[in-house]
Amino acid sequence: MTSPTSTERPATERAAAPEASPAPVRERRRLPGWLLGVVAVVVAACLPLLNLSVPGVLPGPTYMPGSLHLMALCMIFAALALSYHLLYGVAGMLSFGHALYFAAGAYGLAILLKYTEMPLLVAGALSLVGAILLATLVGAVSLRVAGVSFAMVTLAFAQAGNVLVRRNPRGLTGGEEGVGLATANVPDTLVGVVNTRNMFWVALVTLVVVYVVVTWVQRSRAGHVVEATRENEMRVRVIGQPPYLIRLLTFVIAGTLAAVVGMVYLLLQSQAVPAITSADFTIQALIMVVLGGVGSRWGAVVGAVVYTLLDQRLSVLAGSDLVESLPTLLRVPLSEPAFILGVLFILVVLFMPGGIAGGARRLTERRRGPVRAAGSHTKSAAEAAERRRLEELA
Amino acid sequence: MSILVLLLVTGLGLGALYFLVASGLSLIYGLMGVLNFAHGVFLSLGAFIGWEVARRLDPSSWTGFLLAMVVGALAGATLAALTELLLIRPLYNRHIEQVLVTVGLGLVGVALFEGVWGTDAAFISGPPWLKQTTSIAGARISNTNFLAIAVAVAVLVALILFLRHTRYGLIIRAGVENRSMVTALGIDVRKSFTLVFSIGGAAAGLGGVLASQYFGYVSAHLGQTLLIFAFIVTVIGGLGSLGGAAVAAVVVAIPQQLANYYLGGIGDLIAVLALAVVLLIRPTGLMGAKAA
């Protein structure tokens with residue numbers, strides 16, 4: 001429903017804006033984004049070798065298995081959030097069934113490892129193929145509708161997966177108990193609490209790989225077209241690109257990435273449980289993306305880390321004596337982490353539309369003040385594009 | 001034969017519950033373009049509050065039960081109205097954010113219910129008549145089915161009368177057709193937004209009280225479970241179509257019951273399969289006017 005007279009800039013330009021600095025003036029003052037990323041990854045990779053304590057955030061020093069496990073979990077969820085960012089932030093597809101592919105990866109690998117003699121990588125490749133087929137099939141059907149119907153339809157398919165897993169066909173999925181990780185064909189270096197450090201590095205590599213793939217997809221031709229499709233499907237049709245196929249491709253890539261992340265999750269947690277097939281699990285990924293700021297890659301990563309840390313820490317808080325001693329009116333909500341996270345999420349949606357990334361951008365812009373003439377133009381263009389996108393989805 | 005009758009009538013009963021949830025969803029979507037993920041919370045709240053009321057009075061008396069229905073519907077309507085005023089309205093015309101807010105409310109609601117009423121299902125009892133069965137063609141059918149069907153039909157008739165014969169109904173129908181035109185005519189559509197939300201919430205709250213009788217328990221997840229089927233019903237029926245929701249509720253629920261019995265409990269999968277088939281053949285749903 002975009003008015004035909006609007007003179008907006010091409011969508012691709014907007015998408016590049018938050019990542020690459022648009023104004024040459026800013027370029028000189030600021031470290032390039034990729035360099036910051038490399039530094040962050042190197043620092044993260046060194047964490048298991050250091051003895052750092054962050055009281056209140058990590059359960060112990062960074063080299064201890066407990067902290068490493070939590071940090072690995074943060075990175076796995078960050079990778080999942082990035083795959084969801086590709087769906088929602090880039091392609092504008094609000095899927096409520098993303099958990100299906102994560103679970104397909106985790107359950108597929110768990111089942112293959114348990115019932116066959118395949119080595120880890122073969123089993124992984126095989127379950128990946130399965131996940132790709134599943135994503136293609138479900139995506140092909142769901143993408144016949146768009147917007148809100150798409151959300152409902154993906155939810156319904158994911159729910160079917162949830163039902164199937166809980167029903168435990170032929171004893172494969174283990175019902176409510178889930179499937180444990182059979183370690184016979186998993187390299188010893190990835191098994192057991194003593195090797196949490198190695199799993200930490202595997203999770204870090206997964207996150208970096210997913211980040212690179214998502215960046216690459218966004219910058220590829222197909223990525224540009226899918227962003228354009230999000231803005232105005234009719235125009236994409238007119239210039240001769242098939243929106244349906246490109247949406248489907250993005251959907252399948254996001255699903256594939258989620259499946260890979262699901263496999264790493266299985267290795268870290270040593271178990272696939274039905275909770276990862278639920279709609280709530282997809283909603284978690286959605287909350288991470290929204291919390292971090294829709295449309296920003298690093299926002300998705302930060303959002304996922306913040307969410308995971310809050311989720312874990314709030315559970316600890318819920319069981320603490322402090323909360324126990326509170327009057328009922330305060331104790332009941334505080335003992336439910338989902339309640340606090342849900343309220344936080346609502347507040348971000350209502351009062352902080354850009355999430356953490358948007359807040360950070362506003363802060364840096366205020367500090368840079370006068371230099372920002374060109375940049376503020378970018379910002380208003382971005383806002384205009386966002387408005388259009390919402391009209392489009394309406 | 002008697003088994004078939006039993007399955008058909010219990011299917012209708014289940015369909016009645018789906019309709020009570022889906023009617024509100026469909027109306028809200030039709031008028032406002034909001035997919036309400038918090039609808040399950042309205043239902044659960046209605047069920048819990050209704051149960052509390054019946055428990056305090058006399059769960060086995062009809063007065064207690066009828067009062068539970070009224071209070072459950074009121075609770076659903078109140079929460080829905082508050083949701084519209086406090087969460088939906090500030091995000092005027094930003095539909096995706098509106099959906100996100102309701103997603104958050106769904107999360108918050110379930111967490112709060114778990115905190116207040118516990119994570120386990122609470123088993124409930126109603127008037128003795130509801131526990132009994134009635135024989136039709138040799139099938140012994142639980143009376144909760146008849147109650148659910150009767151209430152759903154009453155709600156459907158009431159909604160149709162309201163939409164066809166009242167001024168507000170006129171505005172809502174016109175708003176579903178073309179909201180900007182109605183606004184341009186100087187009519188405050190926002191009032192009807194709150195109204196539609198309240199009606200949807202009341203239907204969901206009523207559905208909650210009936211669902212707790214139908215299933216015999218009430219739990220924090222009762223609403224979310226029914227909500228997913230209500231989504232399926234809403235899409236199959238065509239977004240924004242009340243009649244479509246009614247037809248689709250039956251079309252989904254009866255095969256679901258049949259498949260649960262004859263095909264070894266795969267009823268839930270049948271519902272999803274029905275959705276896939278409908279989307280492939282007719283993406284706008286059975287009675288949907290426009291693709292959404």
Side-chain angles (χ1 to χ4, degrees), chain A residues 88 92 94 96 137-138 140-142 144-153 155-164 167 278-280 283-284 286-287 290 294 318 328 331-351 353 386-387 389-391 393-394, chain B residues 25 29 33-35 37 86-87 90-91 93-116 179 224-225 227-232 234-235 239 264-277 279-285 288 291-292:
Chain A
Y88 179 48
L94 185 60
F96 278 96
L137 194 71
V138 173
V141 177
S142 315
R144 292 191 42 97
V145 288
V148 165
S149 302
F150 176 79
M152 290 198 248
V153 173
L155 175 70
F157 282 117
Q159 191 58 27
N162 181 265
V163 168
L164 209 61
R167 190 148 290 160
S278 66
D280 282 353
I283 288 175
Q284 276 184 25
L286 170 68
I287 294 179
V290 172
V294 178
T328 317
R331 182 173 52 82
V332 168
L334 283 183
S335 60
E336 297 285 339
F339 177 85
I340 302 174
L341 284 166
V343 169
L344 180 70
F345 175 67
I346 292 177
L347 292 177
V348 167
V349 173
L350 280 177
F351 302 114
E386 184 67 16
R387 262 201 307 280
R389 180 179 148 209
L390 292 165
E391 282 164 14
L393 283 162
Chain B
L25 271 181
Y29 182 82
V34 175
L35 173 63
F37 265 87
L86 298 178
L87 297 180
L91 297 167
N93 249 350
R94 290 160 58 189
H95 294 301
I96 292 295
E97 267 94 337
Q98 288 173 334
V99 175
L100 295 182
V101 158
T102 63
V103 168
L105 185 62
L107 203 67
V108 166
V110 173
L112 204 58
F113 295 153
E114 283 192 341
V116 176
R179 194 170 71 201
Q224 301 309 94
T225 316
L227 183 65
I228 289 174
F229 289 107
F231 278 161
I232 295 177
T234 313
V235 175
L239 290 160
I266 57 160
D268 298 357
L269 299 179
I270 289 287
V272 176
L273 198 69
L275 175 73
V277 170
L279 283 177
L280 285 172
I281 299 169
R282 212 179 138 82
T284 51

Distance-only criterion, 3.5 Å: show the donor-acceptor pairs between side-chain atoms of residues 102-116 of chain B and protein atoms not counting sequence neighbours.
from: B/T102; atom 1: OG1; to: B/L35; atom 2: O; distance (Å): 3.4
from: B/T102; atom 1: OG1; to: B/F37; atom 2: N; distance (Å): 3.1
from: B/T102; atom 1: OG1; to: B/V99; atom 2: O; distance (Å): 2.7
from: B/E114; atom 1: OE2; to: B/H221; atom 2: NE2; distance (Å): 2.9

Test item: [X] and [Y] side chains (from C-beta on) under 4.5 Å apart, heavy atoms:
X	Y	value
A/R167	B/D268	yes
A/L94	A/F96	yes
B/L239	A/M152	yes
A/V294	A/Y88	yes
A/Q159	A/S278	no

Would you mind checking which part of [X] comes under 4.5 Å of any heavy atom in chain B, side chain (CB onward), backbone (N, CA, C, O), both or neither?
X	value
A/F345	side chain
A/V349	both
A/V348	neither
A/A140	neither
A/L344	neither
A/I287	side chain

Check your understanding: For the candidates A/L164, A/V153, A/V343, A/V290, which exhibits the highest count of non-hydrogen atom pairs separated by less than 4.5 Å from chain B?
Key ->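 Of A/L164, A/V153, A/V343, A/V290, A/V153 has the most heavy-atom pairs under 4.5 Å with chain B.
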Which atoms of [X] approach chain A - backbone, side chain, both or neither, heavy atom under 4.5 Å:
X	result
B/L91	side chain
B/L87	both
B/L269	side chain

Exercise for review: Start with the C-alpha gap between B/L25 and B/F231, add the side-chain angles, then the distance that decides, and say whether side-chain contact (heavy atoms from CB on, under 4.5 Å) holds.
Suggested key: CA-CA 8 Å; B/L25 271 181; B/F231 278 161; 3.6 Å; yes
Review point. Of all heavy-atom pairs between B/L275 and A/A156, which one has the smallest distance, and what is that distance?
Key: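 Smallest interatomic distance, heavy atoms only, reads CD2-CB, 3.4 Å.
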Review point. Taking B/I228, B/T234, B/V235 one by one, which has the highest count of heavy-atom pairs under 4.5 Å against chain A?
Key: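 Top option by heavy-atom pairs under 4.5 Å: B/I228.
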